[in-house]
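Residue numbering restarts at 1 for every chain, and letters A, B, ... go by the order of the sequence lines.
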Amino acid sequence: MRVNKELSVIVAQAIEKAQAVGALPQFALPEVAIERPRDLSHGDYASPVALRLARLARMAPMKIAEVIVAHLERPSFLADVSVAAPGFINFRLTTACLQQVVEEILTAGMDYGRIHLGDGKKAQVECVSANPTGPIHIGRTRGGVMGDTLARALRAAGYDVTLEYYYNDAGRQITLLGETTKIRYQQLCGQNVELGADHYRGQYIIDIARELYEKHGDSLLGKPVSFFADYAKDRISAMQKESLRRINIVFDVYYREQSLYESGRVWQALEELEKRGYVYRKDNAVWFRSTAFGDEKDRVLVKSTGEPTYRMPDIAYHWHKAQRGFDLVVDIFGPDHHATAPQVLMGVQALGYRTDFVRTVLHQIVTLIKDGQEVKMSTRAGTFVALDDLLDEVGADPIRYFMISRSGNSPIEFDVNLAIEQSDKNPVYYIQNAHVRCAGIFRRWAEVGKDPNADQNADLSLLTNEHELAFLRKAMELPDVIELMVTQLEPHHIAFYAYELASLFHPTYENCRVLHSEVPESLQLARLRFYRAAKMLFARVLDLMGMSAPEVM
RNA sequence: GCCCCUGUAGCUCAGAGGAUAGAGCGUCGGCCUCCGAAGCCGGAAGCCCAGGUUCGAGUCCUGGCAGGGGCACCA
């Protein structure tokens, strides 16, 4: 049950009722906000609606609040409704309402927190979208974790979600990749050739060339660059996929840029833009009149060499997105794409499509700190710490957590040494330990020979400890957190929620023991039920973050 | 020069226009004979500046100041 939503409706009804009998003047009803007061003495929920109505109603806020309360229906989950200066309406829940959250969690299981915002709607989340020219690095990882976490939240909100990866498998970068691979192969064959300035420096291409050399000796020397490009790009793509799988990100669709050429969409898009009068030729290049949509200058679509810029297939790709029937498209971009994202949407508008279903989520950079020094990252220079290296050293769970532990607007300094350190300072373990401690209770319960299902009909009214109730109060917030994540498209909220939940759990664990000589059996059973729900909730929250819920650590 | 992001505790960050601004790290001091101390309990310490909107501003607007990122016929 979403108490805040129900309260919002009930208060709105009370206002209308008061208006009907003349206790309040007529006015258009604004949305009735229900919030959680910081201070528990103000109740479990509060509404400032009377304060906001003061001007409309031309009455004192306190008076309005009193009128609303007088006309308010009293559902059974409310223990108390009161008015507090300067005009808040405070609601207190019954303890029974909090206690039954235990059963709500156990009934819903891994579906707990589910909301219906996106029921029947299709959403797409695009992220990472790195070219298959090198390993996934830490900046792309941030976008990937943000995107995957948002995808999980969108699913929890009822959306049918497609997680998509768009990659450039053609063009100049791929040619350079092929050339690099061929040169490395020739070097292994003993030929005296050197990399050019534009070629990729990374060790991984030497490894790929060596694979070819070991399998085929020098018999491939006559093969064209495109052969090496195809081989390298497939190998690197597979490596990227594997890295992402290791961090628990599995894409539904890998969208190849090349397919936009094969299907003709790129040139169709250009034709259509031309037909609509948004294209002109200058200096031997083809230009997009993006200034018509507020851009500061026009942009080149086709270079004087006849090659399209990256912008042209990007527009075609988003044109296709617009045609694929998504109700919501989320594009996640790193700082290097902040400026270009709007241009693509201008292109889609120029093609006659609305773009209000597309929402771009931007995030700031990740700087990697190792041994107290910043590690500069560049794929071409081959100087980076790849996601794979981090996975080996740190593991998937801490990487995932740290990547969403900050708002996307905030740059992240990822200190490798600190993340490796498995100390009590690490919030990842603090959260996971809550799940481990729950598991420990059930392990111990079985060890002393008790019935593992003895809590089936436990008397939940015995759960009256303030720690238990505070935890359940927080448990009720999960749907609100999911709603916040999908409406704001901000994945970091779940990380903070998880930490807060754990910080309410641990004192409960200390104070509300199950197996203790001084705890009567009926209370043991109620608490066992409580911890069963707590364990389920932590598993659920960790799953929303794409993290594991360990039984032991 | 233009665009974007950010200025909240010593440090790193939350804060959905509302009541006495929250965490973590660090710091100071306590707690293991019964479910994992990777834990718990307690103390000190803070909204960049100036205007404005509002009954009410850390939050919104304008202008400063400071830091980061971006401004290609690269992607």
Aromatic rings Y430(A) and H506(A): how do their planes relate, parallel, tilted or perpendicular, breaks at 30° and 60°? tilted
Taking atom C1' in both rC41(B) and rC4(B), what distance in whole Å separates the two? 45 Å
So does E468(A) pair up with R527(A), basic N to acidic O under 4.0 Å? yes
Please check if any side-chain donor atom of Q173(A) sits under 3.5 Å from a side-chain acceptor atom of N168(A), or the reverse. no
At 4.0 Å (heavy atoms only), tell me whether D314(A) reaches a base, stays on the sugar-phosphate, or touches nothing. nothing
N-O pairing of D331(A) and K321(A) below 4.0 Å: yes
Between rC48(B) and rC65(B), how far apart are the two C1' atoms, rounded to whole Å? 8 Å
With P as the reference atom in both, quote the distance from rG30(B) to rA16(B) in angstrom, rounded to an integer. 39 Å
If we take the P atom in both rU59(B) and rC47(B), what is their distance in whole Å? 13 Å
Residue pair E164(A) / Y317(A), side-chain donor-acceptor N/O under 3.5 Å: yes
Is the charged tip of R256(A) near the ring of Y167(A): under 6.0 Å from the six-membered ring centre and within 45° of its axis? no
Measuring only between side-chain heavy atoms, which start at C-beta, is F91(A) closer than 4.5 Å to V11(A)? yes
How would nucleotides 14-19 of chain B be written as a contact map, 5' to 3', with B for base contact, S for sugar-phosphate-only contact and - for no contact, using protein heavy atoms under 4.0 Å? SSBSBB
With Y401(A) via ring pair (Phe, Tyr, Trp, His ring centres under 6.0 Å) - residues at least two apart: none
Distance between the P atoms of rG68(B) and rG26(B), in whole angstroms? 28 Å
Can you label the angle between the Y165(A) ring and the F251(A) ring as parallel, tilted or perpendicular, going by 30° and 60°? perpendicular
Can you tell me, in whole Å, how much space there is between the P of rU53(B) and that of rC11(B)? 34 Å
With sequence neighbours left out, write down each residue that passes side chain to side chain contact (heavy atoms under 4.5 Å, CB included) with T305(A), or none if nothing qualifies. K303(A), E307(A)
Remember a base hit wins even if backbone is also touched, and classify V552(A) as base, sugar-phosphate or nothing at under 4.0 Å, heavy atoms. base
Please determine whether side-chain contact (heavy atoms from CB on, under 4.5 Å) holds for the pair T141(A) and V366(A), giving the CA-CA distance in whole Å, both sets of side-chain angles, and the decisive distance to 0.1 Å. CA-CA 9 Å; T141(A) 301; V366(A) 181; over 6 Å; no
Side-chain contact check for N168(A): nearest option of rC35(B), rC34(B), rA75(B) is rA75(B)
Nearest whole Å is fine: how far is rC4(B) P from Q364(A) CD? 13 Å
How does RNA chain B read in dot-bracket, base by base from 5' to 3', with Watson-Crick or G-U pairs under 3.5 Å and | used when the partner is on another strand? (((((((..((((....[...)))).(((((.......)))))....(((((..]....))))))))))))....
What about Y429(A): does its side chain form a donor-acceptor pair under 3.5 Å with the base of rA38(B)? no
Return the value, rounded to whole Å, for the distance between atom NZ of K297(A) and atom C1' of rC3(B). 12 Å
Using whole Å, what does the distance between atom C1' of nucleotide rA23(B) and atom CG of L501(A) come to? 15 Å
If you apply the rule salt bridge (Lys or Arg N to Asp or Glu O under 4.0 Å), what do you find for R437(A) with E510(A), and how did you get there? CA-CA 11 Å; R437(A) 283 178 134 182; E510(A) 302 277 340; 3.2 Å; yes
Nearest to the side chain of E257(A) - rG39(B), rG69(B), rA75(B)? rA75(B)
So, using salt bridge (Lys or Arg N to Asp or Glu O under 4.0 Å) as the criterion, who are the partners of E66(A) when residues are at least two apart? none
Does Y430(A) make a side-chain N or O approach to OP1 or OP2 of rC40(B) shorter than 4.0 Å? yes
Please state how far atom CG in L523(A) lies from atom P in rC35(B), giving the value in whole angstrom units. 17 Å
What interatomic distance, in whole Å, is found between P of rA45(B) and the corresponding atom of rA38(B)? 31 Å
Considering only side-chain heavy atoms of T309(A), which listed nucleotide, rA75(B), rG39(B), rC4(B), is closest? rA75(B)
Separation of rC4(B) atom C1' from Q343(A) atom CD, nearest Å, is 13 Å
I431(A) CD1 to rA23(B) C1', in whole Å, measures 12 Å
Does the base of rC34(B) carry an N or O that pairs as donor and acceptor with the side chain of S517(A) under 3.5 Å? yes
Between E466(A) and R473(A) (salt bridge meaning N to carboxylate O under 4.0 Å), is one present in this structure? no
In whole angstroms, the gap separating P of rU12(B) from CD1 of I412(A) amounts to 14 Å
Check whether any side-chain nitrogen or oxygen of K303(A) sits under 4.0 Å from OP1 or OP2 of rC74(B), and answer yes or no. yes
Decide, for rC48(B), between syn and anti: a glycosidic angle within 90° of 0 counts as syn, anything else as anti. anti
For rU54(B) versus rC61(B), give the span between their P atoms, rounded off to a whole number of Å. 16 Å
Rounded to whole Å, how long is the line connecting atom CD1 of I236(A) with atom P of rA75(B)? 18 Å
Assign A339(A) to base, sugar-phosphate, or nothing according to its heavy-atom contacts below 4.0 angstrom with the strands shown. sugar-phosphate
Under 4.0 Å, heavy atoms only, any strand: does N284(A) hit a base, just the sugar-phosphate, or nothing? nothing
Distance below 4.0 Å between R513(A) side-chain N/O and rC35(B) OP1 or OP2: yes
Could you list the protein-to-nucleotides 26-31 of chain B atom pairs, N/O on both sides, closer than 3.5 Å?
{"residue": "rG26(B)", "atom": "OP1", "partner": "K425(A)", "partner atom": "NZ", "Å": "3.4"}

